[in-house]
S.K.: 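A single structure is presented below for examination.
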Number of protein chains: 4
Amino acid sequence: MQAKSGSPEQMTFTEQARRAQIIEAAVEVIAEVGSAGASFARIAERAGLSSTGLITYHFANRQDLIDSIVREVMTAFAGHVGPLVAAAPTPAAALDAFIGANVDFIRSHRRHLLAVLDIAAGSRDTGDGASASAAVARADLDALQELLERGQAQGEFRAFDPRSVAIAIRSLRDGILGALTVDPDLDLDAYGSELRTVVRLMTAVPPYAQGETS
Amino acid sequence: MQAKSGSPEQMTFTEQARRAQIIEAAVEVIAEVGSAGASFARIAERAGLSSTGLITYHFANRQDLIDSIVREVMTAFAGHVGPLVAAAPTPAAALDAFIGANVDFIRSHRRHLLAVLDIAAGSRDTGDGASASAAVARADLDALQELLERGQAQGEFRAFDPRSVAIAIRSLRDGILGALTVDPDLDLDAYGSELRTVVRLMTAVPPYAQGETS
Amino acid sequence: MQAKSGSPEQMTFTEQARRAQIIEAAVEVIAEVGSAGASFARIAERAGLSSTGLITYHFANRQDLIDSIVREVMTAFAGHVGPLVAAAPTPAAALDAFIGANVDFIRSHRRHLLAVLDIAAGSRDTGDGASASAAVARADLDALQELLERGQAQGEFRAFDPRSVAIAIRSLRDGILGALTVDPDLDLDAYGSELRTVVRLMTAVPPYAQGETS
Amino acid sequence: MQAKSGSPEQMTFTEQARRAQIIEAAVEVIAEVGSAGASFARIAERAGLSSTGLITYHFANRQDLIDSIVREVMTAFAGHVGPLVAAAPTPAAALDAFIGANVDFIRSHRRHLLAVLDIAAGSRDTGDGASASAAVARADLDALQELLERGQAQGEFRAFDPRSVAIAIRSLRDGILGALTVDPDLDLDAYGSELRTVVRLMTAVPPYAQGETS
DNA sequence: CATGAATGAGCATTCATTCAT
DNA sequence: AATGAATGAATGCTCATTCAT
C-alpha cells in the first residue's frame with residue numbers, strides 16, 4: 001500500500017520513473033532554497049504533481065526522500081569519478097584525476113551537489129549517526145586516505161599525516177561549491193587548474209628540502 | 001517599545017545580559033540542530049526562559065537574532081585573529097599566523113563557528129545578497145586575497161591567482177569545522193600543524209624557482 | 001497544491017461545499033464578535049472543523065476568506081435587489097423598490113450584512129484602497145447616484161445634489177443594521193415602511209412646485 | 001497603586017494630564033488604524049511614552065481606556081450640541097440646529113468621532129450589554145425621539161413613528177462619518193446643507209397633502 | 001510616578017503525513 | 001497508481017497585563 005524502499009528491481013517502470021521525477025524536482029528546489037525551505041508543497045509544484053500525497057506515496061517519509069537523493073547523486077558521482085581515478089597509472093596521477101573529475105562533475109551537476117552539500121550540512125544530531133550522507137562522506141574520505149597512503153608507500157608523496165591531508169583535500173573539493181554559491185560566475189576551469197597545482201604542491205616530495213633537512 | 005537594535009551603549013545592563021544569554025543559548029542550539037531546527041521554543045528552553053515571547057522582546061525578529069549572533073561571533077573572531085595576523089612581520093608569517101589563530105579560535109569557539117557556518121550556508125535565496133553573514137564572508141575573503149597579493153609583491157609567495165588561492169585557503173579553514181562535525185575526536189593540534197605545512201607548501205616559492213631568480 | 005481561488009467551476013463539489021460551510025460559519029462569528037474578534041480558531045470551532053488548518057487549506061489567506069465572504073454576500077445582495085430595481089417602471093418606483101428590497105434582504109440576511117458591514121468598517125489604512133468591500137461600496141453608491149440623476153432628468157425628483165442624496169440614502173440603508181444591532185426587536189416592517197415614506201418625501205418634487213410647472 | 005477610575009476630583013493634576021495625553025494619542029491611532037489595530041504599543045509610541053506599562057498604570061485595562069475615550073468625546077459632543085439645540089425656539093428649529101451642530105462638531109472633531117464610531121461598531125457581544133458607547137447611543141436616540149414627539153405635539157412635524165424617524169435621523173448623522181472615511185474630500189458644507197433640507201422635508205407637515213387626505 | 005523587563009495566551013500560517021476513494 | 005481532502009503539531013510573532021524597582 002505504501003512507499004517501498006526496496007531494491008529497484010522490485011519496482012515497476014512507472015514507479016521508478018515517478019521516483020526519479022520527484023528526486024529531480026527535489027534536487028532543483030533544494031539547490032535553490034535549501035533543504036530547510038524545500039517543502040513537499042514546493043517540490044510537488046516543481047514536479048508538476050497534483051498533490052504532496054504523491055511524494056509520501058512513493059517515499060516512506062521525508063528522510064527517505066532525502067536519503068534517496070543523496071544515494072542517487074553519490075552513485076552518479078562515484079560512477080564518474082571512480083573509473084577516472086582507477087584508470088590513473090600512479091597515485092599522484094590518480095589524485096590529479098580525482099581533482100579534475102570532481103571539478104568536471106561539479107560543473108555538470110552543480111545543483112545536484114549543492115543539494116547534497118546542503119543536506120549534509122543539515123544532517124546532524126539525528127541520533128542514529130548513520131544518515132545516508134554521513135556514511136557516504138566517511139567512505140569517500142577513507143578512499144582518499146587510502147590513495148594517499150599508497151602514494152606515500154610508493155614514494156610519490158611526502159611524509160604527512162594521511163588522514164589530515166585527506167581531510168584537507170576534501171575541504172578543498174567541498175569548498176568549490178561554497179565558492180560557486182557565493183560567486184556563481186567563478187571561472188571553474190581556472191580554479192580547477194589552480195586547485196590541481198595546489199594539491200600537487202602540498203603532497204609532492206620537496207625536491208631539495210628532502211635532502212636539506214636530512 | 002521593544003527590541004532596540006541600537007548600539008550597546010544605549011542598552012541597560014539587564015538588556016545586554018539577557019541578549020547575551022539568548023545569543024549563547026541560540027548558538028548552542030544552532031550548533032546542535034542547525035539554524036533551521038533552532039526554533040524559538042528550543043532556544044527559550046535551552047536558555048531557561050519562560051516563553052519565546054522574551055526572545056521577541058529582546059530581538060525584533062528571528063533575522064535580528066541571527067544577525068546578532070553572526071555579528072557577535074565575527075567580532076570576537078576578528079578580535080582574536082586580526083591582531084595576531086597584523087603583528088606578523090611578513091606576509092608568509094601572517095598567513096601562518098592566520099591558520100594558527102583560526103585553529104585556536106575554532107578550538108575555543110567550536111559551537112559558535114559551527115553556528116555561524118550553518119547560518120551562512122542557509123542564507124541563500126534572500127536576493128538582497130546583503131545578509132550579515134554574506135557581507136562578513138566577502139570581507140574576510142578580500143582581506144585574505146590582499147594578504148596573498150602583498151606576499152607575491154614581496155616575492156615571498158609563488159605566482160598564483162590570488163583569488164583562487166584565497167578561496168582554497170578559506171576552504172581549508174572552513175573544512176576544519178566540517179571535519180570536527182563528522183569526527184569530534186579529531187586531533188586539532190595535529191591537524192592544525194599539518195594545515196600550516198600544507199598552506200606553506202602551496203604558497204611558497206618553489207626552491208628551484210627561488211634559486212633561478214636569485 | 002492548496003487554496004485555489006479559481007472560478008467555482010474549477011472546484012470539486014466537496015471543495016465548494018466546504019468553502020460554503022466555512023464562509024457561513026465565518027459570517028456568523030463575524031456578525032457576533034466582529035471581524036477583529038473572528039479568529040480562525042473561533043470560526044473552525046463554529047464550523048465544527050477539527051483544526052484551523054482546514055481553513056487555510058481552502059482559503060489562501062485570512063484576506064482571501066474575508067474577500068470571499070464579501071463577494072458571496074454582495075453577489076446574493078445584487079441578485080435580490082438588482083432585478084427588483086430594474087423591473088420598476090420609473091426612477092421613483094425604482095428607488096422605492098430599492099428601499100423595500102434592501103429591507104427584505106436585511107431581514108433574511110441580517111448576519112451576512114452585519115458581517116460585511118463590519119468588514120467594510122475595518123478595511124481602512126490598507127492604502128491600496130481596493131479591498132473587495134471598498135470597491136463594492138463605491139459601485140453601489142455610483143449606481144444609486146445614477147438612479148437619482150435619471151429621476152431628476154425625468155422630472156420625478158426635485159433639484160438636489162445627487163451625490164449628497166445618494167450618500168444620505170445609503171446612510172439610511174446602512175443605519176438599519178446599526179439599529180438592529182442596538183435593538184434586535186426593532187419592527188422591521190414598520191421601520192421599512194417609514195423609511196420608504198421618508199425617502200419619498202426627501203426626493204419628491206414639492207407639490208406647489210409640481211403645480212407651478214404643470 | 002493602580003489605575004483609579006474614580007471621579008476626576010480624586011486625581012492629581014499630573015494624573016489628569018497623563019490620562020488626557022494617552023486618550024488623545026489613542027484617539028489618533030484608533031481613527032487611523034481602527035480599534036482592533038490600536039495596540040497599546042502603537043498608542044504608547046504615538047504618545048511618546050516609554051512603555052505600555054504606563055497605559056495600564058493609568059487605566060485599569062483596555063476596556064477602561066476605551067470607555068474613557070467614549071466618555072470624553074461624548075461629553076464634549078454633548079457640550080457642543082446640547083446648548084445649541086436647547087437654545088432653539090421651536091422643535092423644528094432645534095432639529096435644524098441639531099443637524100448643523102453635528103456637522104460642525106464632526107468638522108472640528110473628525111478623528112475623535114471616527115474613533116468613537118469605530119469603537120461603537122466593534123462593541124458587541126460583551127454580555128453586560130452596557131458598554132459605555134451603547135449606553136450613550138441609547139440616551140442620544142431617546143433625546144432625539146423626545147424632540148420629535150414634542151414637535152408633533154406642537155403640530156410642527158407630520159405624523160410619523162417617532163422612534164423610526166429618530167433612528168433615520170441618527171443614521172443620516174452617523175453616515176456623515178462613513179462618507180468622510182470613504183471620501184475625505186467631501187464638501188461638508190454642501191453635504192450639511194443638503195442634509196438639513198432632507199431632514200426638513202422628511203419631518204415637515206406637507207402643505208397640501210394634509211388637506212387632501214382629510 | 002514611572003520604567004522596562006517579563007509573562008503566557010493567542011494569532012495566522014506552514015508543514016509532513018494519513019487516508020478514503 | 002494517483003488524488004485531494006483532512007489532520008494536528010509546530011512556527012514566529014503580537015499583545016495586554018503584571019510587577020519589582
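Chain naming here is simple, since letters A, B, ... match the order of the sequence lines and numbering starts at 1 in each. All values below were derived from every heavy atom in this structure, side-chain atoms included, with hydrogens, water molecules and symmetry-related copies excluded.
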S.K.: Is the shortest heavy-atom distance from the side chain of C/Leu65 to the side chain of C/Ile69 under 4.5 Å?
M.R.: yes
S.K.: Once each nucleotide of nucleotides 6-13 of chain E is scored for protein heavy atoms under 4.0 Å, what B/S/- sequence comes out, 5' to 3'?
M.R.: SSB--SSB
S.K.: Please identify each residue that fulfils side chain to side chain contact (heavy atoms under 4.5 Å, CB included) with D/Leu54, with sequence neighbours left out.
M.R.: D/Arg18, D/Leu49, D/Tyr57, D/His58
S.K.: How close or far is atom P of F/dC13 from atom CD1 of B/Ile43, stated in whole angstroms?
M.R.: 11 Å
S.K.: Measuring only between side-chain heavy atoms, which start at C-beta, is A/His112 closer than 4.5 Å to A/Val116?
M.R.: no
S.K.: B/Ile55 CD1 to F/dG12 P: how many Å, rounded?
M.R.: 8 Å
S.K.: For DNA chain E, please output the secondary structure as dot-bracket, reading 5' to 3'. Pairs are Watson-Crick or G-U wobble, both atom distances under 3.5 Å; mark crossing pairs with [ ], other-strand partners with |, unpaired with a dot.
M.R.: .||||||||||||||||||||
S.K.: Starting from C1' on F/dA1, measure out to CZ on A/Arg19 and report it in whole angstrom.
M.R.: 15 Å
S.K.: Which atoms form the tightest heavy-atom contact between C/Ala115 and C/Val27, and what is the distance?
M.R.: CB-O, 3.9 Å
S.K.: Determine which pairs satisfy salt bridge (charged side-chain N to carboxylate O under 4.0 Å, His left out) with at least one residue from residues 46-56 of chain D, sequence neighbours left out, and list them in order.
M.R.: D/Glu28-D/Arg46, D/Glu32-D/Arg46
S.K.: Tell me the interatomic distance from A/Glu15, atom CD, to F/dA2, atom P, rounded to whole angstroms.
M.R.: 8 Å
S.K.: Between B/Phe13 (CZ) and E/dG4 (P), how many Å, whole number?
M.R.: 17 Å
S.K.: Nearest-Å distance, CG (D/Asp64) to P (F/dA16)?
M.R.: 14 Å
S.K.: Could you pull out all residues at least two apart from B/Ser39 that satisfy side chain to side chain contact (heavy atoms under 4.5 Å, CB included)?
M.R.: B/Ala41, B/Arg42
S.K.: Measure CZ/B/Phe59 against P/F/dT14 and give the value in whole Å, please.
M.R.: 15 Å
S.K.: Just so I know, are the side chains of B/Asn61 and B/Asp67 near enough to count as touching, which here means a heavy-atom distance under 4.5 Å?
M.R.: no
S.K.: Side chains of A/Phe59 and A/Ile23, heavy atoms from C-beta outward: is any pair under 4.5 Å?
M.R.: yes
S.K.: Can you list everything that forms a side chain to side chain contact (heavy atoms under 4.5 Å, CB included) with D/Ala20? Sequence neighbours excluded, please.
M.R.: none
S.K.: Quickly work out the A/Ile22 CD1 to F/dT3 C1' distance and round it to whole Å.
M.R.: 13 Å
